[in-house]
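These notes concern the structure reproduced below.
Proteins get letters first, then strands, A, B, ... in listed order; numbering begins at 1 in each. Every value quoted in this text rests on a predicted model; they were computed, and no experiment measured them.
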Amino acid sequence: MKYQAPANKQELMQRANTLTGTTVQQLANKMEVDVPESLVHAKGWFGNLLEQYLGAEAASAPEPDFINLGIELKTIPIAENGKPKESTYICVAQLEPAALSSWEDSLVKHKLTEVLWIPFEASKTIPVALRRIGSPILWKPDFEQERQLKNDWQELCDLIALGDVDKISSSMGTYLQMRPKAANASSLTIDKNQPGSNALTLPRGFYLRPSFTHSIISSN
DNA sequence: GCGTGATCATAA
DNA sequence: TTATGATCACGC
């Protein structure tokens, strides 16, 4: 089962609000799918289920999930202490020289134009099916948040442009970090910023640190 | 392999 | 306990 795309923001929020306080099992029942015992082999399962229920359309394209609304959908796993349990994946880190200079034209900026966060319980002690879904949070980065993200993005992209992508560590970046994003550590992609031109490197992606997403969900 | 959806697992 | 580095699944 898959629902139609919402016509506007209000429709999207109404639909998201129907999930508040319900369990993963209840959503799975609506969608007529089984809940996996563990997420070890189903890491993106909940995110995909939510996309189906809310009518997201972008699928695997590098665009916001609700293209017509310019809104990205993100699930946010919450630990017992009320804080995000994981960092949030945003998008692939492009290595093409042309993608390294303009924050305004970047994938990160486009993905984070407006985000619908769906918090849910992610404690290992709670069976997946019984985890509860929280209130949706519609968020846009404010001036200060965007400034911080842009700073981190620019710093990381400058290193890539200099051919130093392999010197980038996950510990860099205050709110935005760059980490491996691949099938495994043997994956390779072309890095045209190297003098040799045909250099290969591990594919990476941009992620939001939990401290950043925590500030988002706690202020709403 | 690329880009999406993410969480896992272990070193620190 | 936490964050880094690695990994799982899927469509194309």
Side-chain angles (χ1 to χ4, degrees), chain A residues 2 5 24 27-28 31 33-67 71-96 99 106-112 115-129 131 133 152 156 165-192 198-214 217:
Chain A
K2 172 172 167 60
V24 168
L27 176 56
M31 304 307 289
V33 298
D34 294 326
V35 178
E37 284 292 313
S38 153
L39 297 182
V40 173
H41 296 289
K43 295 180 182 178
W45 178 80
F46 186 57
N48 290 143
L49 184 66
L50 221 37
E51 283 186 332
Q52 298 280 303
Y53 180 70
L54 295 177
E57 290 181 306
S60 63
E63 298 286 343
D65 295 295
F66 301 96
I67 299 173
I71 296 176
E72 170 72 12
L73 175 66
K74 287 291 176 200
T75 58
I76 179 88
I78 306 298
E80 301 90 326
N81 60 12
K83 294 181 179 177
K85 202 178 155 221
E86 299 284 350
S87 54
T88 300
Y89 172 69
I90 305 169
C91 61
V92 65
Q94 302 169 106
L95 300 181
E96 296 74 32
S106 73
L107 234 39
V108 175
K109 157 89 177 172
H110 287 166
K111 278 274 192 175
L112 299 182
V115 180
L116 178 60
W117 301 94
I118 309 284
F120 71 101
E121 291 177 325
S123 169
K124 288 259 192 190
T125 62
I126 308 173
V128 177
R131 295 179 187 177
I133 303 169
D152 285 342
L156 293 164
V165 68
D166 289 332
K167 291 181 184 167
I168 291 176
S169 149
S170 309
S171 62
M172 302 180 73
T174 306
Y175 300 101
L176 192 65
Q177 67 176 171
M178 194 176 292
R179 301 217 306 277
K181 175 56 170 159
N184 56 59
S186 302
S187 300
L188 293 170
T189 193
I190 294 177
D191 175 13
K192 292 186 173 172
N198 269 344
L200 296 170
T201 190
L202 178 65
R204 295 164 171 84
F206 283 108
Y207 297 78
L208 292 177
R209 292 186 179 283
S211 59
F212 188 81
T213 52
H214 183 234
I217 61 168

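- For C/dA9, the OP1/OP2 oxygens have a side-chain nitrogen or oxygen of A/His41 closer than 4.0 Å.
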Annotated protein contacts, base or backbone, on nucleotides 6-12 of chain B with a non-hydrogen cut-off under 4.0 Å, one of B, S, - each: BBB----
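- A/Lys167 places its NZ atom 20 Å from the C1' atom of C/dG5, with the value rounded to the nearest Å.
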Tell me which donor-acceptor pairs under 3.5 Å the side chains of residues 82-90 of chain A have, and how far apart each pair is, sequence neighbours excluded?
unit_1: A/Lys85; atom_1: NZ; unit_2: A/Ala122; atom_2: O; d: 3.2
unit_1: A/Ser87; atom_1: OG; unit_2: A/Arg179; atom_2: NH1; d: 2.8
unit_1: A/Ser87; atom_1: OG; unit_2: A/Arg179; atom_2: NH2; d: 3.3
unit_1: A/Tyr89; atom_1: OH; unit_2: A/Val92; atom_2: N; d: 3.0

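- Residues A/Pro210 and A/Asn184 each lie close to DNA chain C; by heavy-atom proximity, the contact nearer the 5' end of the strand is made by A/Pro210.
- At whole-Å resolution of the value, CG in A/Leu202 and P in C/dT4 are 15 Å apart.
- A/Asp191 pairs with exactly one of A/Asn198, A/Leu202, A/Thr201 by the side-chain contact (heavy atoms from CB on, under 4.5 Å) rule, that one being A/Thr201.
- In this structure, OG on A/Ser38 lies 10.0 Å from NZ on A/Lys43, to the nearest 0.5 angstrom.
- Between A/Arg209 and C/dT2, a side-chain N or O to OP1/OP2 separation shorter than 4.0 Å is absent.
- Using a 4.0 Å cut-off, some side-chain N or O of A/Gln177 falls inside it from OP1 or OP2 of C/dT4.
- For A/Lys74, the salt bridge (charged side-chain N to carboxylate O under 4.0 Å, His left out) partners are A/Glu72, not counting sequence neighbours.
- Annotation: the terminal axes of the helix from B/dG1-C/dC12 to B/dA12-C/dT1 meet at 30°, where each axis is the rotation carrying the C1' atoms of four end pairs onto the next four (5 pairs per end, rounded to 10°).
- With rounding to the nearest 0.5 angstrom, the OG atom of A/Ser187 is 10.5 Å from the NZ atom of A/Lys181.
- Contacts of A/Phe66 classified as ring-ring contact (aromatic ring centres under 6.0 Å, His included), with partners at least two apart in sequence or in another chain: none.
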Mind listing the N/O atom pairs, protein and nucleotides 10-12 of chain C, below 3.5 Å?
none

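- Residue A/Ile133 holds its CD1 atom at 5.0 Å from CG of A/Leu27, rounded to the nearest 0.5 Å.
- Nearest approach of A/Pro119 to A/Trp117, heavy atoms of both residues: CD-O, 3.5 Å.
- One distance of note links CG of A/Leu200 with CG of A/Asp166; it measures 10.5 Å at 0.5 Å rounding.
- Going from atom CZ of A/Arg204 over to atom C1' of C/dA3 covers 17 Å, rounded to whole Å.
- Atom CG in A/Leu208 sits roughly 13 Å away from atom P in C/dT4 (whole-Å rounding).
- For C/dA3, neither phosphate oxygen OP1 nor OP2 lies less than 4.0 angstrom from any side-chain nitrogen or oxygen of A/Ser170.
- Put simply, NZ on A/Lys111 and CG on A/Leu208 are 12.0 Å apart, with the number rounded to the nearest 0.5 Å.
- Following rounding to the nearest Å, A/Leu107 (CG) and B/dC2 (P) show an atom-to-atom distance of 14 Å.
- The main-chain N or O of A/Tyr207 is never found under 3.5 Å from a side-chain atom of A/Gln177 such that the two would form a donor-acceptor pair.
- Per the geometry, CG belonging to A/Leu54 stands 14 Å off C1' belonging to B/dG5, to the nearest Å.
- Atoms CZ and CG, on A/Arg131 and A/Leu39 in that order, are 5.5 Å from each other to the nearest 0.5 Å.
- Between A/Leu200 atom CG and B/dC2 atom C1' there is a gap of 15 Å when expressed in whole angstrom units.
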